[in-house]
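I have placed the structure first, in the form of structure tokens, so that the comments after it can refer back to it.
First the proteins, then the strands, lettered A, B, ... as listed; each starts at 1.
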Protein chains: 2
Amino acid sequence: LARKPSIFEIIVIGNEILSGAVLDTNSNWLADRLYKLGVHLRRITIVRDDLKEISSAIRDAVKRGAEWIITSGGLGPTFDDKTLQGVSIATKKPIALNKEAVEMLKERYEKLKEMGVIESAELTEARLKMARLPRGAKPLRNREGSAPGVILKYRKTWIACLPGVPRELKDIFMNELEPLIRDRVTALKRRRLWITVRGVPESTLSPYIDEVLSKHQKVYIKSHPQGIEDGISKVVLEILSEDVSEQNADEAVKKAGIDLIDILKSLGAKEITRSEEKPL
Amino acid sequence: LARKPSIFEIIVIGNEILSGAVLDTNSNWLADRLYKLGVHLRRITIVRDDLKEISSAIRDAVKRGAEWIITSGGLGPTFDDKTLQGVSIATKKPIALNKEAVEMLKERYEKLKEMGVIESAELTEARLKMARLPRGAKPLRNREGSAPGVILKYRKTWIACLPGVPRELKDIFMNELEPLIRDRVTALKRRRLWITVRGVPESTLSPYIDEVLSKHQKVYIKSHPQGIEDGISKVVLEILSEDVSEQNADEAVKKAGIDLIDILKSLGAKEITRSEEKPL
């Protein structure tokens, strides 16, 4: 029963994130998918397009015992797309042209030529770069762009590399990677309940949350203060539970929710809303 | 002249980010501010509300030689607000009640009582928790919420802790932290230019970017593919330069921009837009 969900880490690669030019939404999207899959996302690391940074981030995640590492970004045709080279350094698997990936690129550029997007479907050096994978890696078909995703196993860790363009990342994750993950992980069922309360500030609530937590050992409660609106404080409370059984998780969350709502009423809450969808 | 900008790392703390419940926008906002300050943001790490995770993330950043670590989140009154305890473990500075922080909280809760938000301004244990800082730390006034920010020096590294509520984080950063940073860092002047091009895909552009880069050694060019719209590929090119002199950075970016636009025209671009504000 004390089954532990598989440990995941995400590594986001791109100078544009660290310079503040681009807001990274990929890791949030992936985090939500992994949460729903029932696995444990332990850490997200965002590094520059730099071989030392990429390879050390991967090595550190492997050392920490990550069972899965998902990277985002750095798979494209330009000089600063360095993810696969970074993976190659971290895993000591040399880069080589991958036939299956070459076929994917050939199909892709022929299609783009037919569509009139490009003039020549020739596999130039820049295009072939996207088919140079660490030895033993498998390409993952990209239906929304050119660079294939990549998956490989290094010791006990699966490393999956996805492109940084959100549409492409989502396509490969949903159609190619998620089925592979499902078959290979230990997962738990999760239930989440949200309670929004107006009129009881977080610092007043805090000891009562501890009380609910010690009574309901199977849940975790997180409070998200939302500041003060029209002189009334607003807090969103998130009640979570995970279990091998969905029913157990569901019951734990509901029971804790009932107790919490009773307490909020006794504390003079002005408004209480209960929701299964996140109100944030 | 080869002055190196000070190295920063950001550590974001919060289960809600790793479960996908909340999109972290704090690190993007901070990254943009640090970019404009002219310092070097090397890495962002996002960890759970877990003492081992928080303290090891801080220790690792110190070991990597970060001159500044900015944390976001985990300063509130609840049991899972663990940032200061994590800092205490990482720096071996014991937690103690900080008089200045107690004064800030007293003022804050008296004001909230006057406003009718709370019934009692009593400094309960949960409220006092926010004034328990690692020894030697200074509180940073929070005008938008209760938990003060915190700054301390550990060996050669400044560690600044900000609350996770975006409005509070921004207030403390702008009014309290940024002036302290400005006085203590080595910074460069930065200029950035954006060129949006339609009709030349990234894989075609790639070798020409390399060409511009080898001619203009003082710039860095990053391409952001935007996919295909109405059968035409769209790419956003970012040209960056940094220098002790703003004029030098400005000239470098402009000259590279002129060459790049000439090349884009010769490659048959259907539309080229030049902008100093980010078009993403």
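Between the side chain of A:R48 and the main chain of B:L41, a donor-acceptor pair closer than 3.5 Å is present. Of the possible polar contacts, none joining the B:S203 side chain to the A:A126 backbone as a donor-acceptor pair under 3.5 Å is found.
Closest non-hydrogen pair, A:R43 versus B:S56, comes out as NH2-OG, 3.5 Å. Residues A:E202 and B:T78 approach most closely at OE2-CG2, 3.6 Å, considering heavy atoms. Nearest heavy atoms, A:G20 versus B:K278: O-NZ, 2.9 Å. Of all heavy-atom pairs spanning B:I221 and A:F79, the tightest one is O-CE2, 3.7 Å. When all heavy atoms are compared, the tightest approach of B:A21 to A:E238 is CB-OE2, 4.0 Å. The nearest pair of heavy atoms linking B:K222 to A:D80 is CD-OD2, 3.3 Å.
B:I228 CD1 to A:R167 CZ: the interatomic distance, rounded to the nearest 0.5 Å, is 8.0 Å. Atom-to-atom distance recorded for B:D24:CG and A:T25:OG1 is 11.5 Å, nearest 0.5 angstrom. How far CG of A:D81 is from OG of B:S223: 6.5 Å, rounded to the nearest 0.5 Å. Residue A:W29 holds its CH2 atom at 14.5 Å from CG of B:L23, rounded to the nearest 0.5 Å. B:I46 contributes atom CD1, which lies 8.5 Å from atom OG1 of A:T45 (distance to the nearest 0.5 angstrom).
For a residue to count as touching a neighbouring chain, one of its non-hydrogen atoms must lie under 4.5 Å from one of that chain's; by this rule A:P201 touches chain B with the side chain only. Using a 4.5 Å cut-off between heavy atoms, A:Y109 contacts chain B through its side chain alone, with no backbone atom that close. No part of B:F8 comes within reach of chain A, as not one of its non-hydrogen atoms sits under 4.5 angstrom from that chain. If you measure heavy-atom distances from A:L240 to chain B, you find no contacts under 4.5 Å at all. Looking at A:D210, the atoms closer than 4.5 Å to chain B (heavy atoms on both sides) all sit in the side chain, from C-beta outward. Heavy atoms closer than 4.5 Å to chain A are found nowhere in B:L30, neither backbone nor side chain.
Counting heavy-atom pairs closer than 4.5 Å to chain B, the top residue among A:M115, A:H40, A:R64 is A:H40. Chosen from B:V22, B:I11, B:V12, B:L112, the residue pairing most often with chain A at heavy-atom distances under 4.5 Å is B:V22. Listed options A:G268, A:A31, A:G231 were ranked by heavy-atom pairs under 4.5 angstrom with chain B; first place goes to A:A31. Heavy-atom pairs under 4.5 Å with chain B peak, among A:R42, A:R127, A:E168, at A:R42.
Within the 4.5 Å cutoff, no side-chain heavy atoms of A:I232 are placed close to those of B:V117. With contacts defined as side-chain heavy-atom distances shorter than 4.5 Å, the pair A:E119/B:T204 does not qualify.
Counting only N and O atoms by type, the side chains of A:R192 and B:S19 include a donor and acceptor under 3.5 Å apart.
More than 12 heavy atoms of other residues, nucleotides or ligands sit less than 6.0 Å from atom CD of A:Q217. Around the CD atom of A:E277, the shell of radius 6.0 Å holds no more than 12 heavy atoms that belong to other residues, nucleotides or ligands.
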Check against side-chain contact (heavy atoms from CB on, under 4.5 Å), B:Y35 and A:L18
CA-CA 8 Å; B:Y35 181 83; A:L18 290 155; over 6 Å; no

